[in-house]
Structures are given as structure tokens and as C-alpha cells.
Number of protein chains: 2
Amino acid sequence: MAQKVKLSTIAETLGLSTATISLALRDSPLVAADTREKIKDQARALGYIYNRRAASLRTSRSGIIGVVVHDIMNPFYGEILKAIETELDRSRHTFILSNHYDSVDKQRMFIETLLQLGGDGVIMSPAIGTPPEDVLLAENNNMPAIFVARSMDGLDVPIYRGDDTYGISLATNHLIGLGHRSIAMIGGTDQTSTGRDRYQGYVNALRKAGIEVDPGLRIPGPRTKQGGFEAAVNFLSLPQKPTAAVCWNDLVAIGLMNGIARAGLIPGQDISVTGYDDLEEASIATPSLTTVWNGQAEVGRLAARALLDKLAGSHEPDGIHLIKPEMRIRQSTAPIRR
Amino acid sequence: MAQKVKLSTIAETLGLSTATISLALRDSPLVAADTREKIKDQARALGYIYNRRAASLRTSRSGIIGVVVHDIMNPFYGEILKAIETELDRSRHTFILSNHYDSVDKQRMFIETLLQLGGDGVIMSPAIGTPPEDVLLAENNNMPAIFVARSMDGLDVPIYRGDDTYGISLATNHLIGLGHRSIAMIGGTDQTSTGRDRYQGYVNALRKAGIEVDPGLRIPGPRTKQGGFEAAVNFLSLPQKPTAAVCWNDLVAIGLMNGIARAGLIPGQDISVTGYDDLEEASIATPSLTTVWNGQAEVGRLAARALLDKLAGSHEPDGIHLIKPEMRIRQSTAPIRR
DNA sequence: CTGAAAGCGCTTACAG
DNA sequence: CTGAAAGCGCTTACAG
């Protein structure tokens, strides 16, 4: 490798000062237009690479934004990330991604690393059991946080997510409307706000329809396709013989449908199944999945915008921003067979 | 936020020099053990945050490793990434992720950003049409590259991937062994090394079995579930009435099976389908998918190790490192019906 | 075992 | 419109 090219290299070869070079490369109107062009050409010719660490050391702004969620391989988060990426790309921010797999330690290590790198802000879907201190660590060090998909009590961090209680009630009401009375709820956990909200929404809808809530019809836990697939055995052996299942999310629903099919029953005919999220995959599942649109792209886009606005100095309203879910009716649900 | 705590803050409160603090925090044996402890306690008490930009400006090592692939939401890459993450976590490197969506521009911008941040190295699955200069840009600026999953001609960058020609021949031979003679190949593109290799492997296997290769049986293009799903229509209307399909990957295979089922046929019985990759999902698809294990976790782990070794100064052998694929036989393939 | 001083490559008032 | 100089917060020879 040749000698490293820096601002001073360009300055020397052009007989100018580093100050002028620095300003010119950042398109400052303080530098005459033709000087600016000359400088840019020279920078290109020399293969100059801007050293962000040096700049950021001086300005204490890095252009780095951290994003940490449960698991980026989960398409639910994937769809959120894609929207965040699009929004951050537009403003030339770099984003650093991490999974926390609901490990508080892994999440804290990520926040610390981000602080060390001088991260400007962090978008997170907090790990189960996150202590408020870990979020305050970021905020107190001038790195604002925005939550997506999950709330946390005791912090007034802006949060963007779907209205889970309402959304799941849409799915439950849809099944009730089709004549189902014995409806199971598969998956999710009480350890997240989302989990509690969705179960509550399911319970509310049943009560409102005058259907007794049977705790035995709840199979908590599964959150993945694999989990839904394995839950099919338990589901099919429930003594109550439910005719329908409200699933925690699309992944669980698709897994459950696979499991039901494996047992020789036809999902969508013998058993009605609803998902949640409306992943891209939901419409091509077989049968195509009746589900609840949960606005992942909206959540990602709005959260990224809110963070960028905050960094730009505007006072974004804190508090909860709920996206209103919508029903998507497809083939996996049908009127009850009498 | 209180006044920022830096090395000199600790030094002053303790009556020591910044040099000693710096050494102590990095566990240098040059500092007496009890001084070291005292310093670490004080750092913790003051809430000191190590400034990596400053350190990296001085040492020109950042601890950052870039990873850029086609699409991190694709579980094939997801499984590679997970293995890379595990390996890099272990050595306390930070990794920055990006999709390139096969846009050469997006990929170049990522490489430039990484250089600006002082990235130590980059693991990439090069975008279609990547000019060698873009990779040399990294290498010439002291940022070594390692390829995963895709090769590129004209560069001697180490590459880790599966043996595609061999792997696809396993799938094709399996179908031939079941009595199939009219076997379609669905998906993939000639624009990647992987695409060319897999088509070649399919052709080789047919020839070796004395089956004439019919170019009309190839439906190139699809690489996703959606793509496979849509290809089902074309597949089912082929005049040759193929009884089996070798798919580009598991996603295409699962999509195709969904499409076949939607048309009222039973995949695995009426039509045999093979996938490629053996994603976690393959075994829970319905029917479970006969596929080729492609060693994603191995690819990721080995590539990360190779990069870390290179950064540590060891001379890693360049060239191609092929993982040997293995057949996984499940329910989606069956003897031909006469 | 500890300290004084230079320097990594930028940006930013301040002058002119 | 351009330049000289200080400083961001570390680490690293070099002394002692």
C-alpha cells in the first residue's frame, strides 16, 4: 500500500491549507466554487479516504446508529429493519445491527460498544428483563433511544409498535363471527408487553361475545415456526377439541398449519387458524393465511424518522405511538363445521 | 449529562498519569496489580466510557468487521451470519452488516463507509457484476476481504462456499434413482458463480445417466419463496410434463410446493421436489423437504476464523475452500408413478 | 513500576 | 475567500 493520503496530503500537493480542503470536501460555500472542484478532483485522483474516526473525535458525532432486536433472522424484525435501513440510507447514516436473543448481557454489551464508537442513537426492541439502567446508560451519555415493537415501564422513551390488544381482538372476533366457540391461543409469553397485550385482547374478545375463557385453551411459549409445528401435537390432543386457533404470530400459525397437515387434517377446513403480522410469506402459505397486518414497515420507518428528527434537534413527542392493525382475511379460516 | 469522563479525569482524581491509566485498563503487566485494581474501580465509579475512536485513531485498528451479503433476511445468509456473529463475539469484534441487494453501488458505498470507519476486514458475498476494483479498494487500504457463498474471477481472495456442482448432482441423481426422467430445474441465475455451477451439476448428472438435456425444462430466475410459488404455474404447464423438479434452493422449493398444492396436486406424491441448503425450515415444511445440506454454519464459522487469523498475522492459504454437501432425504420426493 | 510528550487526522473558531 | 493553530481522547516509544 502506498503512503496514506490524508487532508494534509491534498493540501500540500495543491498548495492550500487543510482547513480549506476540509471545508471544500464538505461542500462549504466558504470555499470558492472552482477551488472546491479542484480539491475534489485531486482527492479523487489521490484515492483519498475520509477518516471518520478523526472527524468524529473532533465533532463528537459519528453518523452511527445502533439497532438491536431479538433476532434479525425473524422476518418480523427483518421487515422492520428493512424500513429502518431505507430511512437511514437516505440520510447517510451507518447502522450497526445486533441480536440480543433476549439476553440482557448481550444487549448491554452492544450498548457499551455503541457508546465506545460514539453512536448517535439507538433503536431497540428491549430484551426481556432489561433493567432501566441499561437504557439510561445510553440516554445519559447523549445517545437517545427509541423503542420498537416492545414497551418497557418506568421509562419515557418514545415507542413505536402495533396496537396488540386491538389487533388480536380483530382476529378473535373474526373467528367468533365464523361460528367458532372453542378457540385456542397458541404461543407468546407473558414476559413481554406484547405477549401480555395479545393475550388480554383475546380474553377481552371472548368475554365480550359471552364465551367463557378457558385457561386450558392457552398454549403459551411458541414464537417460531418450529415452535408452532411442535405445538400442533398438544393442540390436537386438547380435551376441549378446539375448532380454531389464534396464533401469536404468522410463524407460529404457519408452523401449526404444517403440524396439523402432518396429522392428516386440513388447516383452513378442519381447523381455522389465524396469524399475526402479515409477513410477506403469509399470502403464499398453503392455505394462505388469515392474519392481522401489524405495520412492520411503518414501525421501522417512523422510529427511524423520529430518531433522526431528534438528532436534528427537534423535540419529538415522547410516549407510545400505536400503529392501528388491520384484518387480512384469506383461506386459513372458514365457518365452523357443524 | 455530567462532565465527560476520560482517561485524564481518572488520572487526575488518582494522582497518576494517563499513560498508567491507559495501560492499567488494558490489563498491562507493566502496571502493579493493586494500582491496576484501584484504577479499574475508579473507572467504574466514575462511569468511564472508553473512546474507541480516539484509540483507533492512534492505533489504526478499530475492531470493526464488515459483512455484506445479498439480503440478510434470506435465511440462507441468516444462517451464515449467525455463525459469523458467534465467532466474532468470541474475539470481541464488532460487526457491521449490510445488504447489497445485488446493487454494486450500494456495495461500494458500504465498503467506503467501512474504510472511513477504519474497518479491519470485510466478509462479503459479492454483488452480481462487482468490479474487481471495488474489492481491491478494500485490500489496498489494508482491509482484507474474504468471500462467502459466491466466487469472483480475477481475484485471489479466499473464498468459503459449498461445492455446488457436486451438491446439485446429489439431488439430481437422487431423483434419477427414483425413476424420474423428466426433471425440471427451477430458479437461479447464470449471473452468479453459484448459479452457473448448479446448472452445470444438474446437466452433468443427467448426461451421465444418459438422459437428454432439454433446455426447455429450465425455468431460471426464482430465488425466493414468492418466486418459487409463482413459477409453479409455468412449471405445471410445461408441455414435457416433468415429474420432478430440482430447485435452486429451499425457498424456491417450498414456494413451488405451495404453488403445486394450490393447483390441487400433492407435492411429494404427484411431483417430487428437491431443495438446496437444508435451512432449518426444510424439515418442518409439509411435506418435509428432501434437500442438500450446504453447510451455512460451517461457511460462516470458517470465513470468520480465516479473517481473524489473517488479522492476527497468520498466513491463511488463499483460494477456494469447498464445503462438501450432503443429501437429506425426506418426504418431498418419491418413486415415479407409472 | 510510573510519567512527560508527541502524534493519530480531522474541524473549528479566529484572523486576515 | 484562505490560513495558522489548537484540540478531540487516546497510545506509544522513551526516560527515569
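Each chain gets a letter, A, B and so on, in the order the sequences are listed, and its residues count up from 1. What you see below is based on every heavy atom in this structure, not just the backbone, and it leaves out hydrogens, waters and symmetry mates.
When A:R301, A:R305, A:R92, A:K82 are each tested for a salt bridge (Lys or Arg N to Asp or Glu O under 4.0 Å) with A:E87, only one passes: A:R305.
Extent of DNA chain D lying under 4.0 Å from chain A heavy atoms, first and last nucleotide in 5' to 3' order, is D:dC1 to D:dG9.
Although no hydrogens or angles enter the test, the distance criterion places no donor-acceptor pair under 3.5 Å between the side chain of A:R53 and the main chain of B:R52. Side chain of B:N74 to main chain of B:F76: a donor-acceptor pair is present (N/O by atom type, distance under 3.5 Å, no hydrogens or angles). Judged by distance alone, the side chain of A:H100 and the main-chain N or O of A:S125 form a donor-acceptor pair under 3.5 Å.
Ring orientation note: the planes of B:H321 and B:Y160 are close to parallel, at an angle under 30° on the 30°/60° scale. Relative ring orientation between B:H70 and B:Y77 is described as parallel, the plane-to-plane angle staying below 30° on a 0-90° scale split at 30° and 60°.
Contacts of residues 57-66 of chain A with DNA chain D (heavy atom under 4.0 Å): A:L57, A:R58. Near DNA chain D, defined here as any heavy-atom distance below 4.0 Å, the residues from residues 30-56 of chain A are A:L30, A:V31, A:A32, A:T35, listed numerically.
Residues that satisfy the side chain to side chain contact (heavy atoms under 4.5 Å, CB included) test with A:L88, not counting sequence neighbours, are A:I65, A:I84, A:H93, A:F95, A:A304, A:L308. Residues satisfying the side chain to side chain donor-acceptor pair (under 3.5 Å) test with B:N99, not counting sequence neighbours, are A:E85, B:Y101.
Under the 3.5 Å distance criterion, with hydrogens and angles disregarded, a donor-acceptor pair is assigned to the side chains of A:R26 and A:S22.
Salt bridge status for A:D41 with A:K38: absent, with no side-chain N to carboxylate O gap under 4.0 Å. Remark: A:R150 engages A:D102 in a salt bridge, criterion side-chain N to carboxylate O under 4.0 Å. Ion pairing between a basic and an acidic side chain is recognised when a charged N comes within 4.0 Å of a carboxylate O; B:E37 and B:K40 show no such pairing.
B:G118 comes within 4.0 angstrom of nothing in the nucleic acid, heavy atoms only.
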Please convert DNA chain D into dot-bracket. A pair counts if it is Watson-Crick or G-U wobble with both distances under 3.5 Å; crossing pairs go in [ ] and bases paired with another strand get |. |||.||||||||.|||
